[in-house]
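What follows is a single structure, written as structure tokens, with notes after it.
Hydrogens, waters and symmetry mates play no part in the numbers below; they use all other heavy atoms, side chains included. Computed from a prediction, not measured in an experiment: that's the story for all the values here. Start at 1 and go down the list; that is how both ligands and their atoms are numbered.
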Amino acid sequence: MTERVGALPALGKGLESCGVLVTGATGGIGAAVARAFAESGARVAVTDLSERAATDLAATLPGEGHVGIGADVGLIDRHAELVEEAEEAVGPLVALAHLAAVLRRRHEITEIDEADWDAQVDVNLKASFFLNRAFAERLRGDGRGGAIVNFSSQGWWTGGFGGSVVYNATKGGIVTMTRGLARTYAGAGIRVNAVAPGLVKTAMLTDELAPDVLQSLVDQVPLGRMATPEEVAPAVVFLASTHAGYITGATLNISGGWLMY
Ligand SMILES: NC(=O)c1ccc[n+]([C@@H]2O[C@H](COP(=O)([O-])OP(=O)(O)OC[C@H]3O[C@@H](n4cnc5c(N)ncnc54)[C@H](O)[C@@H]3O)[C@@H](O)[C@H]2O)c1
């Protein structure tokens with residue numbers, strides 16, 4: 001039988017038995033990302049604030065060798081330890097999918113205080129830089145290549161909706177930081193990309209957003225609906241895999257056609 005010219009190997013090619021670290025992994029999208037990596041044959045270090053939830057999720061993933069780790073990514077001093085603990089459990093890491101983030105909706109802009117600003121900037125942006133760096137330095141120190149997939153949002157482009165200006169400022173920062181780190185670590189064979197989902201059906205989006213406001217946003221999406229987390233996860237596996245070997249510094253728009261760039 002003639003092999004189809006240019007046929008692509010399976011999506012997770014290159015990730016079989018490799019270690020990946022997923023933060024925010026027990027959240028709506030994170031759980032789907034952890035599962036998609038596991039289905040690709042990777043060994044997944046599942047991390048989130050609750051150790052119990054992380055351990056429970058790790059136990060339900062297909063394949064073997066997964067682990068749950070409780071960690072607050074806001075504790076920057078612990079990042080190197082987190083990466084080390086993950087490697088001890090799942091083996092040398094090839095990818096970091098970094099989803100951990102917080103959204104504090106404030107429908108009146110005058111209600112935003114410094115604590116709101118700090119909480120979102122600290123977790124969403126500051127911690128992202130230091131965790132990306134801890135991960136990349138670990139790989140570079142070992143002479144290993146790898147990939148980082150950060151989570152931005154449609155809001156990096158639109159500025160956001162429904163009282164989320166500060167959150168979206170952090171998501172803009174993620175795009176810029178991803179580009180800078182991609183340039184920094186390219187020589188070490190470490191690719192750094194981001195995904196920018198539009199409307200994904202999770203608690204973060206739907207909690208505290210009036211149904212009519214949410215519907216008015218969905219009405220702007222050519223595909224006419226919110227994404228499921230399972231529709232976002234394969235893009236993360238793709239960017240982490242050898243399929244994306246020539247992609248770095250990119251921000252992948254996953255918005256159902258809402259934004260077109
Ligand atoms: N849902 C959407 O429509 C949407 C759209 C664009 C981007 N995003 C992004 O996707 C990612 C996942 O969002 P989601 O919708 O699954 O939200 P979610 O709230 O379900 O998940 C976020 C996870 O991050 C964890 N987390 C928060 N603070 C943490 C900390 N200090 N340390 C460790 N973990 C922490 C939470 O416990 C939670 O499990 C986020 O980065 C979010 O900004 C979501």
Side-chain angles (χ1 to χ4, degrees), residues 21-36 45-58 68-79 81-82 86 96-105 118-128 130-132 148-162 164-175 177-178 194-209 213-214 217-218 220-221 225-233 235-236 239 251-256 258-259:
L21 173 60
V22 181
T23 74
T26 67
I29 302 173
V33 168
R35 186 164 300 278
V46 168
T47 184
D48 208 308
L49 286 171
S50 160
E51 184 172 357
R52 164 61 77 85
T55 304
D56 287 352
L57 177 65
I69 302 172
D72 178 347
V73 298
L75 302 176
I76 286 161
D77 289 350
R78 285 216 53 224
H79 287 172
E81 205 179 301
L82 171 62
L96 164 67
H98 178 44
L99 290 87
V102 286
L103 165 59
R104 289 192 182 185
R105 285 196 193 280
D118 289 345
Q120 293 172 100
V121 172
D122 284 357
V123 172
N124 302 2
L125 187 55
K126 182 177 167 187
S128 294
F130 286 102
L131 183 59
N132 274 226
I148 297 174
V149 184
N150 288 312
F151 265 68
S152 181
S153 160
Q154 51 73 29
W156 87 269
W157 183 262
T158 64
F161 303 88
S164 57
V165 172
V166 177
Y167 164 88
N168 285 299
T170 69
K171 295 299 181 178
I174 289 288
V175 170
M177 180 197 81
T178 294
V195 293
L199 305 169
V200 189
K201 198 170 182 187
T202 71
M204 182 186 276
L205 174 68
T206 57
D207 281 5
E208 300 178 54
L209 196 59
V213 175
L214 180 57
L217 298 177
V218 172
Q220 298 172 35
V221 177
R225 58 183 175 78
M226 289 182 267
T228 63
E230 289 72 22
E231 289 176 303
V232 174
V236 181
L239 286 171
T251 296
L252 184 59
N253 164 17
I254 312 175
S255 65
W258 186 15
L259 305 179

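Polar contact with ligand 1: absent for S153 (N/O pair, distance under 3.5 Å). Geometrically, ligand 1 and G28 share a nitrogen or oxygen pair separated by less than 3.5 Å. Looking at ligand 1, you won't find any N or O of P197 less than 3.5 Å from one of its N or O atoms. Any N or O atom pair closer than 3.5 Å counts here, and L205 shares no such pair with ligand 1. The shortest N/O to N/O separation between L99 and ligand 1 falls below 3.5 Å. The N/O atoms of V102, backbone and side chain alike, include none that comes under 3.5 Å of an N/O atom in ligand 1. Below 3.5 Å of separation, one finds an N or O of G27 facing an N or O of ligand 1. Backbone and side-chain nitrogen or oxygen atoms of Q154 are examined, and none is located within less than 3.5 angstrom of a nitrogen or oxygen of ligand 1.
One option in S255, A101, G30 has a heavy atom closer to atom 22 (C) of ligand 1 than any other, and that option is A101.
Using a 4.0 Å heavy-atom cutoff, S152 is listed among the residues neighbouring ligand 1. Under a 4.0 Å heavy-atom criterion, A71 is in contact with ligand 1. Using a 4.0 Å cutoff on heavy atoms, H98 does not count as a contact of ligand 1. Proximity of A127 to ligand 1 is not established, as no heavy-atom distance is less than 4.0 Å. At least one heavy atom of D72 sits closer than 4.0 Å to an atom of ligand 1.
The minimum heavy-atom distance between L57 and A34, with the atom names listed, is CD2-CB, 4.3 Å. Here the closest non-hydrogen pair linking Q120 and T170 is O-CG2, 3.7 Å.
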